[in-house]
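What follows is a single structure, written as structure tokens, with notes after it.
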There are 2 protein chains.
Amino acid sequence: MFSKSCEYGLRATIFIGQQSHLGTKVSLTTISEAIDSPQAFTAKILQQLTKNNIVNSIKGPHGGFFIETEAMKTLNLSAIVEVLDGDSIYTGCGLGLKQCNDKKPCPLHFKFVAIREELKNMLQNTTLLMLVNDMELDIFHLKT
Amino acid sequence: MFSKSCEYGLRATIFIGQQSHLGTKVSLTTISEAIDSPQAFTAKILQQLTKNNIVNSIKGPHGGFFIETEAMKTLNLSAIVEVLDGDSIYTGCGLGLKQCNDKKPCPLHFKFVAIREELKNMLQNTTLLMLVNDMELDIFHLKT
DNA sequence: ATAATAAAAGATATCATTGTCTTTTATGTT
DNA sequence: AACATAAAAGACAATGATATCTTTTATTAT
Ligand code: FES
Ligand code: FES
């Protein structure tokens, strides 16, 4: 469904959000251990997320990654996915045709678009804050 | 969503089904032109589909690929996807956790599984014959 | 039998994704 | 100012997916 980059990026963002909610910034090492991801690769992903203002970062001692609580209210998963995987998941044809639209549809088009839209809506309607709040229930996990 | 192999495989199978419905076997060259796919790569995919009894093939002059009409009634898209992409699309965690289950869910689990199940149902409930019949409407396309 | 046709099989090549390693830049502490 | 910390940036490596090419096998037609 999503690329590895996107999977790690989503997990990392949720973890950063969770910790920021508790008032603490987190370092790359802490993140990659918390979400069980390859550290150097995760660094690259965090660079992209930082560049695209999904997360904030501060260099130097006591630096690290964080997200403002206010930003968590409006940040939805769709924004993260779009940064890391582009919008092909929202616009791409299920059968790989170059164009996907109602005018010249593939035989799976209408059935496929219905599900694609649900996925899109789910990602757009799910904010980081929702997931961070859910995480407080101690039911959900970010590794294995 | 699906791999290139799976996209080409689905398109190829639909085309073979369509032509078989008209009573004609089709060659690799005909298929790859009809669905606009790389020929040699498509050959490899058709080998997999043949080995897994999704399509039939006959070597030699007047040979080619075909599917029995009876088989089209029971062959659903899910079977094709499973041969070419495995079942990770049905069982994999949206955030990339090694296990996906209700016992130790990721924060996206329940929302994600809901959509994953819809996709699964759609693929299981859509038979090749349905798509082949739809193709007769001249509304749907298998390339560009 | 020979030649032609067409898929199967095997080997190899290309590319994007995934992943690592090293150097640089920014910031805080002593 | 010197040092330590931590992210940013750039170069490089490994892997798997995608794609091609060649050889073999099966079948049909002459
Ligand atoms: S054209 Fe294939 S999903 Fe829209
Ligand atoms: S555990 Fe993540 S989708 Fe099920």
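Here is how names work: the chains are called A, B, and so on, in the same order as the sequence lines, proteins then strands, and each is numbered from 1.
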On a heavy-atom basis, which atom in [X] and which in [Y] lie closest, and how many Å separate them?
{"X": "A/Glu118", "Y": "B/Ile115", "value": "O-CD1, 3.6 Å"}
{"X": "B/Leu131", "Y": "A/Pro107", "value": "CD2-O, 3.6 Å"}
{"X": "A/Val132", "Y": "A/Met72", "value": "CG2-SD, 4.1 Å"}
{"X": "A/Glu136", "Y": "A/His21", "value": "OE2-CD2, 3.3 Å"}

ask   = Is the closest side-chain heavy-atom distance between A/Ser32 and A/Tyr8 below 4.5 Å?
value =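 The answer is no; the side chains never approach within 4.5 Å.
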query = Under 4.5 Å between any side-chain heavy atoms of A/Asp102 and A/His109, yes or no?
reply =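 Counting from C-beta outward, A/Asp102 and A/His109 do come under 4.5 Å.
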Can you tell me the distance, in whole Å, between the [atom1] atom of [X] and the [atom2] atom of [N]?
{"X": "A/Leu84", "N": "C/dT17", "atom1": "CG", "atom2": "C1'", "answer": "13 Å"}
{"X": "B/Lys51", "N": "D/dT25", "atom1": "NZ", "atom2": "C1'", "answer": "14 Å"}
{"X": "B/Leu46", "N": "C/dA9", "atom1": "CG", "atom2": "C1'", "answer": "14 Å"}
{"X": "B/Asn52", "N": "C/dA8", "atom1": "CG", "atom2": "C1'", "answer": "15 Å"}
{"X": "A/Ile45", "N": "D/dA9", "atom1": "CD1", "atom2": "P", "answer": "16 Å"}
{"X": "A/Ile35", "N": "C/dG19", "atom1": "CD1", "atom2": "P", "answer": "11 Å"}
{"X": "A/Gln48", "N": "C/dT17", "atom1": "CD", "atom2": "C1'", "answer": "12 Å"}

query = Contact class for A/Thr50 vs. all strands (heavy atom < 4.0 Å): base, sugar-phosphate, or nothing?
reply =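 Touches sugar-phosphate only.
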Look only at the side chain of [X] and the backbone of [Y], and say whether a donor-acceptor pair between them is shorter than 3.5 Å.
{"X": "A/Arg116", "Y": "A/Gly92", "value": "yes"}
{"X": "A/Ser20", "Y": "A/Phe66", "value": "no"}
{"X": "A/Asp36", "Y": "A/Thr144", "value": "no"}
{"X": "A/Thr126", "Y": "A/Leu123", "value": "no"}

key: B/Tyr90 with A/Leu108, same ILVMFWY side-chain cluster at under 4.5 Å   =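 As far as the 4.5 Å side-chain criterion goes, A/Leu108 and B/Tyr90 are connected within one cluster.
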Listed pairs, N/O of protein and of nucleotides 2-6 of chain C, under 3.5 Å:
| from | atom 1 | to | atom 2 | distance (Å) |
| --- | --- | --- | --- | --- |
| C/dT5 | O2 | B/Pro61 | N | 3.4 |
| C/dA6 | O4' | B/Gly60 | O | 3.2 |

key: DNA chain D contacts among residues 10-18 of chain B, heavy-atom distance under 4.0 Å   =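 Of all residues in residues 10-18 of chain B, none places a heavy atom under 4.0 Å from DNA chain D.
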query = For every nucleotide of nucleotides 11-21 of chain D, 5' to 3': is a protein heavy atom under 4.0 Å from its base (B), only from its sugar-phosphate (S), or from neither (-)?
reply = B------SBBB
ask   = Can you check whether A/Ser57 has a side-chain N or O nearer than 4.0 Å to OP1 or OP2 of D/dA8?
value =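 For A/Ser57, the contact criterion (side-chain N or O under 4.0 Å from OP1 or OP2 of D/dA8) is met.
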query = Does any donor-acceptor pair link the side chain of B/Gln47 with the base of C/dA7 at a separation under 3.5 Å?
reply =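 Answer no: no donor N or O sits under 3.5 Å from an acceptor.
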